[in-house]
Amino acid sequence: MQTPLYIRSHSNSAPKRSIALIDVNNFYVSCERVFNPKLVGKPVVVLSNNDGCAVARSNEVKALGVGMGAPWFKFKDLARQHGIIALSSNYALYADMSNRVMSILRQYSPDQEVYSIDESFLDLTGFPSRDLIQYGQDMRQRILKWTGLPVCVGIGSTKTLSKLANHCAKKRPQFNSVCNFNTMPPRELDDLLGQLDVGEIWGVGRKLAPKLQALGFNTVLDLKRADPERLRQQFSVVMEKTIRELNGTVCIELEEISPAKQQIISSRSFGYPVCDYNSLAESITLYMSRAAVKLRKQQSFAGSVYVYIRTSPFKADDPFYSNGMTIPMPSPTNDTRQLVKVALWGLKQIYKPNYNYAKAGVMLGEIVSGQGMQIDLFSQVQTSPKSSALMAAMDSINRKMGKESIKLASEGFKRPWKMKQESKSPSYTTKWEEVPLILN
DNA sequence: ATCACGGTTTGCA
DNA sequence: CTAACGTGCAAACCGTGAT
């Protein structure tokens, strides 16, 4: 079970970095296929919360032209024609599978940044560069064997380059799912970068790509050769960093410990339009409870609360209303009850009857750390021992007994507004009662 | 003219 | 059967009032 890990050799001069980006192919769809092999080879999409739009597509679905984020009701007909199987998202399953993948990857380097639910950076600097392709193949094999999930590995000297290498590993069969830019001859690499669209670059999206193209930067190579100073004027410091990273200068370091959030959001669209104050109040209570759990998990305190509600911007015949307000806390807190109370007060201020509300949410702001207590004299965090003991007890019970075993009564029990999830798979790995019995 | 601020918009994944 | 378009975060941007 223990595979030999390379011993990293450190030289005194700053070595060329080897940074790997490992990412699961079509992650949510692949998770579903692990537990339901009938889905293999078929066109499958996973829908966002509320069964709103496509957030993961199998290759078969991509081939049918369904874009990322396509609204479900708009391609339902196409789905029927081609037998696309649409599933609601099952975050309990994906989170659990993600944890398994991440802990396997952790065996391959002491320096890991978990970048998203399905992506991880590993710093492989000092590992013999020519062997890294084999090392990457090793990761792939092990993850496939132990979790059933297919991954691709991209390696480069910066995070931006490793992202691009990963893209090549996925799209270009000659790389066989592992692509190492660092072992390619410079000319060959530039030739490859010259074939990649500028929009493939990490941080260049829907808006920036056309702007860059208008300036004549069509390929990754074009941007790599751009003048970072000049583009910084025209765009921003982020663009300058991107260009330098394309040239192999590390500007974006691995963040092994994720920095504490400066703001924490919890919001949801409703399954059905909501008009009455009480339903809104229930949902706000629930969202604030979740936000407060996140806040305490990073051991912080919030100095302000933002609460907002809005109708659907898509329904032309319904009158539109959107409002929100920020409420400063007298002193930073992480007590659910106090935060909920303030949020509900805010809701009362912005609520107007007779609108069809489609979404509500809360945001915690002016977040300060509870550890360093980097707070000025006038706003000391004052947590009564009673409050923090209660919150700690709540969190620990919910950790042990499952989410929301204990909650405020005002969160509501019926939740008629709760989101639509019409075809969710069982939580195979986290809920016994949902696992189907297999007899014979 | 410049700054700090808060609220809003933009952009990305 | 209806009607139906996500969420979380940071950074940039922008108007305003104070200095």
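Below, chains carry the letters A, B, ... as their sequence lines are ordered, and counting in each starts from 1.
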Note to self: Suppose we define a pair by two distances each less than 3.5 Å, Watson-Crick or G-U wobble; what does dC5(C) pair with here?
What the structure shows: none

Next item on the list: Assign each of Ser312(A) and Val238(A) to its nearest nucleotide of DNA chain C by heavy atoms, then name whichever residue's nucleotide is nearer the 5' end.
Entry: Ser312(A)

Note to self: I'd like to know if Asp227(A) pairs up with Arg232(A) as an ion pair, taking the criterion as any Lys NZ or Arg NE/NH1/NH2 lying under 4.0 Å from an Asp or Glu carboxylate oxygen.
What the structure shows: no

Next item on the list: Among the candidates dC5(C), dA10(C), dT7(C), find the nucleotide nearest to the side-chain atoms of Asn49(A).
Entry: dT7(C)

Next item on the list: Can you tell me, in whole Å, how much space there is between the P of dA4(C) and that of dA13(B)?
Entry: 30 Å

Notebook entry, point to check: Is any NZ, NE, NH1 or NH2 atom of the basic residue among Glu245(A) and Lys241(A) found under 4.0 Å from an Asp or Glu carboxylate oxygen of the other?
Noted result: no

Notebook entry, point to check: Could you state the CG-C1' distance from Leu295(A) to dC9(C), rounded to the nearest angstrom?
Noted result: 15 Å

Notebook entry, point to check: Salt bridge check: are Lys163(A) and Glu200(A) linked by an N-O gap of less than 4.0 Å?
Noted result: no

Notebook entry, point to check: Can you find a side chain N or O atom of Ser266(A) that sits less than 4.0 Å from OP1 or OP2 on dT7(C)?
Noted result: no

Note to self: I'd like to check, for Phe73(A), whether its ring lies over the base of dC5(C) with centroids under 5.5 Å apart and a plane angle smaller than 30°.
What the structure shows: no

Check: Counting side-chain heavy atoms from CB outward, which of dG8(C), dA3(C), dG6(C) is closest to Ser48(A)?
Finding: dG6(C)

Next item on the list: Please determine if a side-chain N or O atom of Arg268(A) lies less than 4.0 Å away from the OP1 or OP2 oxygen of dC5(C).
Entry: no

Next item on the list: Just call it for Lys76(A): base, sugar-phosphate, or nothing, with non-hydrogen atoms closer than 4.0 Å on any strand.
Entry: base

Notebook entry, point to check: Whole Å only: how far is the CD atom of Glu366(A) from the P atom of dA4(B)?
Noted result: 17 Å

Notebook entry, point to check: Checking Lys42(A) side chain against Lys38(A) main chain: does a donor-acceptor pair fall under 3.5 Å?
Noted result: yes

Table of protein N/O atoms under 3.5 Å from nucleotides 10-13 of chain B N/O atoms:
{"residue": "dC12(B)", "atom": "OP1", "partner": "Gly203(A)", "partner atom": "O", "Å": "3.3"}
{"residue": "dC12(B)", "atom": "OP1", "partner": "Gly205(A)", "partner atom": "N", "Å": "2.4"}
{"residue": "dC12(B)", "atom": "OP2", "partner": "Arg206(A)", "partner atom": "N", "Å": "3.0"}
{"residue": "dC12(B)", "atom": "OP2", "partner": "Lys207(A)", "partner atom": "N", "Å": "3.1"}
{"residue": "dA13(B)", "atom": "OP1", "partner": "Gly203(A)", "partner atom": "N", "Å": "3.0"}

Check: Under 4.0 angstrom, heavy atoms only, what part of the nucleic acid is Thr326(A) near: base, sugar-phosphate, or nothing?
Finding: sugar-phosphate

Check: Once you round it to whole Å, what is the distance between C1' of dT2(C) and CH2 of Trp72(A)?
Finding: 16 Å

Notebook entry, point to check: What is the distance, rounded to the nearest whole Å, between atom CZ of Phe270(A) and atom C1' of dA3(C)?
Noted result: 17 Å

Next item on the list: Figure out the CD/C1' separation between Gln262(A) and dG8(C), and round it to whole Å.
Entry: 13 Å

Next item on the list: Report yes or no: does Ser98(A) contribute a side-chain atom to a donor-acceptor pair with the main-chain N or O of Tyr94(A) at less than 3.5 Å?
Entry: no

Check: In whole angstroms, how far is the P atom of dT2(C) from the CG atom of Asp317(A)?
Finding: 16 Å

Item checked: salt_bridge(Glu253(A), Arg17(A)) N-O dist < 4.0 Å -> yes

Check: In terms of the nearest nucleotide of DNA chain C, which residue is placed more toward the 5' end: Ala260(A) or Cys53(A)?
Finding: Cys53(A)

Note to self: Donor-acceptor pair, distance only, cut-off 3.5 Å: does the side chain of Thr125(A) make one with the backbone of Ser18(A)?
What the structure shows: yes

Notebook entry, point to check: Heavy-atom contacts under 4.0 Å between residues 341-363 of chain A and DNA chain C, which residues?
Noted result: Lys359(A)

Notebook entry, point to check: Please give, in whole Å, the distance from dG7(B) P to Gln263(A) CD?
Noted result: 13 Å

Check: Does Phe235(A) have Lys211(A) sitting over its ring (NZ/CZ under 6.0 Å from centre, angle to axis within 45°)?
Finding: no

Margin query: What is the distance, to the nearest angstrom, from the CZ atom on Phe235(A) to the P atom on dA11(C)?
Written below: 19 Å

Item checked: Polar side-chain atom of Ser300(A) near backbone of Gln298(A) as donor-acceptor pair, under 3.5 Å -> yes

Notebook entry, point to check: What's the closest nucleotide to the Ile264(A) side chain, out of dT7(C), dC5(C), dC9(C)?
Noted result: dC9(C)

Next item on the list: Pick base, sugar-phosphate or nothing for Val237(A), based on heavy-atom distances below 4.0 Å to the nucleic acid.
Entry: sugar-phosphate

Next item on the list: Check whether any side-chain N or O of Ser267(A) sits under 4.0 Å from OP1 or OP2 of dG8(C), and answer yes or no.
Entry: yes

Next item on the list: Would you classify Lys315(A) as touching base, sugar-phosphate or nothing, given that sugar-phosphate means primed atoms plus P, OP1 and OP2, and contacts are heavy atoms under 4.0 Å?
Entry: sugar-phosphate

Notebook entry, point to check: Between Ser267(A), Ser283(A), Ser266(A), Ser289(A), which is the residue that forms a side chain to side chain contact (heavy atoms under 4.5 Å, CB included) with Val362(A)?
Noted result: Ser266(A)

Checklist line | Heavy-atom donor-acceptor pair, Gln349(A) side chain to Trp345(A) backbone, under 3.5 Å | finding: yes

